[in-house]
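Every chain is numbered from 1 and lettered A, B, ... according to where its sequence line falls, protein lines coming before strand lines.
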Amino acid sequence: MSTPSPDVAPSGPAGNRPASPFALFIAFSLLALQGFGGVLAVAQRELVDRRGWLSRGEFVELYSIAQMLPGPNVVNLSLMIGDRYFGWRGALAAITGMLFAPFLIVIALAAGYERLAEYPAVAGALRGMGAVAAGLILAMAFKMLGTLRDNLLGPWLCALLGLASLVAIAVFRLPLAWIVIGLGLLGWGLARWRVAVVDARAARTGEGR
Amino acid sequence: MNTLPAGDLLALFLHFLTLSLLSIGGAMSTAPEMHRYFVVERGWIGEADFTTAIALAQAAPGPNVLFVPVLGFQAAGLPGAAAALVGILLPSTLLSLGVSRWGASRRDTPLVRAFTAGLAPVTVGLVFATGWLLALPFLGDPAHRNGALVLITLTALVTLRTKLAPIWMILVGALLGAAGIA
């Protein structure tokens, strides 16, 4: 139970990786503390763009799995990243980093909330931070778009599935679980068919040589 | 802040343990059930407390799942907060660890390859939708629409073009917002 799976890439594209579980704890604490209005975009920024522990493609892959599973997506993502470097100790370090400091802050806020809410500047600051959070997420979405170029579904099926999930959430406001399960299963089935096509083609060209 | 007898605290913990495995897509998907249990069935907290818990978790740094320990805190103080957080995370975390290891060891099998390839476009679509939903309240607010649109666009451009840490952009957003500019 204590060793991560050996056939998972142990380091990011530039050969970077965390030095210890404690380094994971610090990295996840720092990114969680920057995560106003959502941690996902900050996680992508810190782990992929700045530290280089994962490639963009690996990040999309892990996040896709994380959101199919029950539990908060970013907590699942943290544990998967921690686990692949240091087994269960890494998973624990990453989750604790993600939650501990923000937990203390949110409880302190809950205890002192009524006094804070009276200041209009506080509401204004929260609004400004919300706009930045929206910008961070949109930039992240554009970066993720590039990772679909190598997807074995091909551009048309990718566009179809992506637009369907966008419209289902943004326009029809369907529950997230329906979309993840419904479109996820559809995407899985289509991709399974494409895997068979791609593998059969590879086998034919292999025989032809 | 209130306190609850030990039996109620245990009931709270068990309730979150069962909700954990139902929280596909994040803890927010079980918020309606938490509302039913905390506000309607048990009466531990009021309507306004529930809304405040969600708003606080969204305003504070960290994952939005932290609205769950705030609910626990409102109902039963610090022990309630700890019971709620551990309860909502423990089962889902153990399951996710097992499933992700199982998948990682079968990464090259057709089913797992198809799973990650098939899910990726859905994920990208959902992230675009999240950005849209986060930006939407600003578009419907004439007093702050232009300032917010500039801030959203600038943040996206800086993120795409530089390696600046997000905290600096958030700080600028907070200052502009507090000054009433954005």
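- Within the 4.5 angstrom heavy-atom criterion, no atom of A:L185 approaches chain B.
- For B:T52, the part sitting under 4.5 Å from any heavy atom of chain A is the side chain, from C-beta outward, and nothing else.
- Side-chain N/O atoms of A:S64 and B:T123 include a donor and acceptor closer than 3.5 Å.
- For B:T109, no part lies near chain A; criterion is any non-hydrogen pair under 4.5 Å.
- In this structure, B:K163 does not pair ionically with A:E46, as no charged nitrogen and carboxylate oxygen lie closer than 4.0 Å.
- Contact annotation for A:L126: only side-chain heavy atoms (C-beta onward) come within less than 4.5 Å of a heavy atom of chain B.
- B:V99 touches chain A through its side chain: at least one heavy atom from C-beta onward sits under 4.5 Å away, while N, CA, C and O do not.
- Applying side chain to side chain contact (heavy atoms under 4.5 Å, CB included) to B:L126 and the options A:V180, A:N73, A:L166 leaves one that passes, A:V180.
- The main-chain N or O of B:T159 is found under 3.5 Å from a side-chain atom of A:R45 such that the two form a donor-acceptor pair.
- Here the side chain of B:T155 pairs no donor or acceptor atom with the backbone of A:L136 at under 3.5 angstrom.
- A donor-acceptor pair under 3.5 Å is formed between the side chain of A:Q34 and the backbone N or O of B:I167.
- Neither the backbone nor the side chain of B:V172 comes within contact range of chain A, judged by heavy atoms closer than 4.5 Å.
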